[in-house]
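Note: hydrogens, waters and symmetry copies are ignored here, and every other heavy atom, side chains too, is used.
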Amino acid sequence: MAKLSIKGLIESALSFGRTLDSDYPPLQQFFVVMEHCLKHGLKVRKSFLSYNKTIWGPLELVEKLYPEAEEIGASVRDLPGLKTPLGRARAWLRLALMQKKMADYLRCLIIQRELLSEFYEYHALMMEEEGAVIVGLLVGLNVIDANLCVKGEDLDSQVGVIDFSMYLKNEEDVGNKERNVQIAAILDQKNYVEELNRQLNSTVSSLHSRVDSLEKSNTKLIEELAIAKNNIIKLQEENHQLRNENKLILMKTQQHLEVTKVDVDAELQTYKHSRQELDEMYNEARRQLRDESQLRQDVENELAVQVSMKHEIELAMKLLEKDIHEKQDTLIGLRQQLEEVKAINIEMYQKLQGSEDGLKEKNEIIARLEEKTNKITVAMRQLEQRLQQAEKAQMEAEDEDKKYLQECQSKSDSLQKQISQKEKQLVQLETDLKIEKEWRQTLQEDLQKEKDALSHLRNETQQIVSLKKEFLNLQDENQQLKKIYHEQEQALQELGNKLSESKLKIEDIKEANKALQGLVWLKDKEATHCKLCEKEFSLSKRKHHCRNCGEIFCNACSDNELPLPSSPKPVRVCDSCHALLIQRCSSNLP
């Protein structure tokens with residue numbers, strides 16, 4: 001029965017000429033016969049509750065013997081609807097047939113008879129030579145293509161009964177088979193033509209929907225174009241206002257610079273007479289002023305670059321107005337670019353105002369420093385005068401002491417009084433010295449505060465440098481936006497080309513529809529000679545259908561392949577149809 005079922009399955013599958021489904025009767029009988037073969041001579045295993053007799057045990061051994069079978073075992077265990085070992089075994093047989101490796105898997109089992117002896121009796125079919133014969137017959141099933149849906153089937157509750165009527169042949173059955181073959185060929189042609197019509201109708205409807213969407217997008221783009229023109233006029237007015245404001249800012253900054261230069265020159269003459277520490281502080285302040293003036297010049301240069309960039313943007317907008325009809329899709333991108341440019345102008349204006357405020361604060365700090373340095377110089381001079389007076393007083397006191405020692409002892413009382421007075425003067429001088437020391441400490445603290453202010457000014461200059469870097473980054477972004485604009489122009493051109501190609505394809509599809517309405521698929525029995533070369537068909541000279549006209553030709557007259565409107569892949573076409581299709585393609589080309 002295994003031999004009959006395998007041979008019958010191969011013959012019916014080749015005559016059927018398609019991939020086999022799970023509803024195909026010979027295929028169902030084949031699985032029933034294989035299940036009976038695997039159950040023959042199977043040992044009964046006793047468990048705690050009942051007796052167990054399934055073929056899932058030996059099939060699980062295949063994973064250990066053949067590593068490629070691990071995927072089948074894992075997929076069978078993952079199936080949700082299977083609850084019994086018999087259902088898993090049936091699913092395993094179906095998956096092995098789809099992989100075309102059933103013969104390889106069972107050959108590994110038959111070779112390892114020591115392992116099979118745990119599951120089968122000595123007289124079982126799988127333990128004898130007949131099992132090897134069945135495995136050899138299973139190699140022929142690699143010719144068959146099977147597409148089985150295992151997930152939805154109820155494999156646990158199926159009843160395996162062999163239908164012997166399928167293997168009994170009659171003359172009427174032979175005639176019926178030929179009729180069935182002819183009917184199947186006619187049905188195939190009918191299904192082929194219906195599928196072509198469905199595909200063509202779907203393509204036509206999709207193209208109509210695309211045309212409607214393009215018309216809607218065109219109307220939207222026209223409205224957005226009018227809005228964009230109004231925005232361009234507003235932006236031009238804002239640009240004029242910003243230019244006037246920039247001119248006023250430049251005039252004010254020049255006046256401030258001239259005033260600060262005059263003040264700095266006057267202060268340089270006064271600071272020449274001060275000490276070395278004050279000279280160093282002044283030199284550092286002067287360097288900072290130079291750096292700030294250089295930064296101011298850099299900002300002015302950047303403003304000039306911005307003005308030139310604005311001129312370029314205006315010219316670009318004028319050119320865009322001329323090419324509106326061709327570049328409607330890019331208006332959205334231009335609108336965003338204009339908004340970004342506006343935001344950049346506002347940010348630069350705010351940065352300029354911030355830099356002016358910073359300069360004013362720095363000028364005020366410099367004026368405060370100058371006042372503090374003047375106070376420090378005055379206090380230092382006062383302290384020097386007091387020190388000189390104290391030294392002179394000490395010298396005079398020493399001279400008077402020497403004179404009084406030379407005098408008589410009678411004047412000792414008066415001398416003691418004078419000494420006490422001098423001691424009081426010394427105490428006063430010591431207090432003055434302490435006060436002077438405290439003054440010096442306060443002056444040093446003021447100097448440290450001034451140094452901290454200078455470090456704060458340096459941090460502000462670093463912030464200005466970072467602002468400059470941000471401006472350069474904005475310029476790079478502007479260049480990237482220009483590149484995106486050019487890429488969008490190229491995309492528009494490609495879209496126009498694709499639209500023209502789609503119109504040509506619609507015309508080709510309509511012509512193919514008209515041609516297919518009168519197409520007739522010629523039968524193999526009716527054709528005995530090639531239509532072109534008129535040579536008789538034989539085993540060496542086989543028959544081939546032309547997928548365009550439906551006639552039958554030999555291999556030499558139909559060895560061409562071309563993609564047809566019905567199928568995007570290249571298909572066999574006769575020489576005459578090949579020449580006609582190439583002429584049509586050349587005439588459609590511009």
Side-chain angles (χ1 to χ4, degrees), residues 202-247 302-352 470-509 588-590:
S202 63
T203 52
V204 169
S205 61
S206 63
L207 289 169
H208 281 301
S209 62
R210 284 182 185 174
V211 170
D212 294 333
S213 63
L214 287 170
E215 287 177 354
K216 290 178 182 177
S217 62
N218 284 327
T219 54
K220 289 180 183 177
L221 288 168
I222 290 163
E223 293 175 357
E224 289 178 356
L225 202 155
I227 295 164
K229 284 182 180 178
N230 295 323
N231 291 325
I232 288 161
I233 293 163
K234 290 179 182 178
L235 287 169
Q236 287 177 355
E237 292 176 357
E238 288 177 359
N239 283 326
H240 287 300
Q241 291 177 1
L242 289 170
R243 286 178 187 173
N244 294 324
E245 288 175 359
N246 286 327
K247 288 179 181 178
E302 290 173 355
L303 284 169
V305 171
Q306 260 194 345
V307 171
S308 64
M309 290 290 289
K310 287 176 184 177
H311 286 298
E312 291 177 358
I313 289 164
E314 290 174 358
L315 292 171
M317 293 302 294
K318 288 177 182 179
L319 292 170
L320 283 170
E321 288 177 357
K322 294 178 183 178
D323 298 329
I324 281 164
H325 295 290
E326 296 178 357
K327 301 168 185 175
Q328 291 175 353
D329 294 333
T330 58
L331 282 171
I332 296 166
L334 289 169
R335 192 175 179 183
Q336 292 176 357
Q337 288 179 4
L338 289 169
E339 289 177 357
E340 289 176 356
V341 169
K342 187 177 178 181
I344 290 163
N345 288 326
I346 292 164
E347 287 178 0
M348 291 303 297
Y349 180 69
Q350 290 176 358
K351 288 176 183 177
L352 282 170
E470 288 179 357
F471 180 73
L472 293 171
N473 291 325
L474 290 170
Q475 286 181 348
D476 295 331
E477 288 179 357
N478 194 359
Q479 290 178 357
Q480 289 178 359
L481 288 169
K482 286 181 179 178
K483 289 180 181 178
I484 292 165
Y485 169 69
H486 291 300
E487 289 176 357
Q488 288 176 352
E489 283 183 350
Q490 291 177 359
L492 274 171
Q493 292 177 358
E494 290 177 356
L495 195 143
N497 293 326
K498 286 181 179 177
L499 281 171
S500 61
E501 289 176 359
S502 65
K503 287 180 181 177
L504 292 172
K505 285 180 180 178
I506 288 166
E507 292 176 357
D508 292 335
I509 288 162
N588 288 328
L589 289 171

Undergrad: How about I232 and Q236: do any of their side-chain heavy atoms sit closer than 4.5 Å?
TA: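 Heavy-atom side-chain distance check passes, below 4.5 Å.
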Undergrad: Just so I know, are the side chains of L235 and E238 near enough to count as touching, which here means a heavy-atom distance under 4.5 Å?
TA: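 Touching, per the 4.5 Å side-chain cut-off.
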Undergrad: From I227 CD1 over to I222 CD1, what is the distance, rounded to the nearest 0.5 angstrom?
TA: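 Reported value, rounded in 0.5 Å steps: 12.0 Å.
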Undergrad: Do E477 and I344 have side chains that get closer than 4.5 Å, going by heavy atoms?
TA: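 The answer is no; the side chains never approach within 4.5 Å.
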Undergrad: To the nearest 0.5 Å, what is the distance between CG on L481 and NE2 on H486?
TA: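 NE2 of H486 is found 11.0 Å from CG of L481.
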Undergrad: The test is side chain to side chain contact (heavy atoms under 4.5 Å, CB included); show your working for V305 and M309 and say whether it passes.
TA: CA-CA 6 Å; V305 171; M309 290 290 289; 4.3 Å; yes
Undergrad: Rounded to the nearest 0.5 Å, what separates atom OG1 in T219 from atom CG in L214?
TA: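 T219 atom OG1 to L214 atom CG measures 10.5 Å (nearest 0.5 Å).
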Undergrad: Give a yes or no answer on whether the side chain of N478 reaches the backbone of L474 with a donor-acceptor pair at less than 3.5 Å.
TA: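 Answer holds: no.
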Undergrad: Got a second to check how far D212's CG is from R210's CZ, nearest 0.5 Å?
TA: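 If I round to the nearest 0.5 Å, the distance is 12.5 Å.
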Undergrad: Can you tell me how far apart NZ (K247) and CZ (R243) are? Round to the nearest 0.5 Å.
TA: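 Atom-to-atom, K247:NZ and R243:CZ are 8.0 Å apart.
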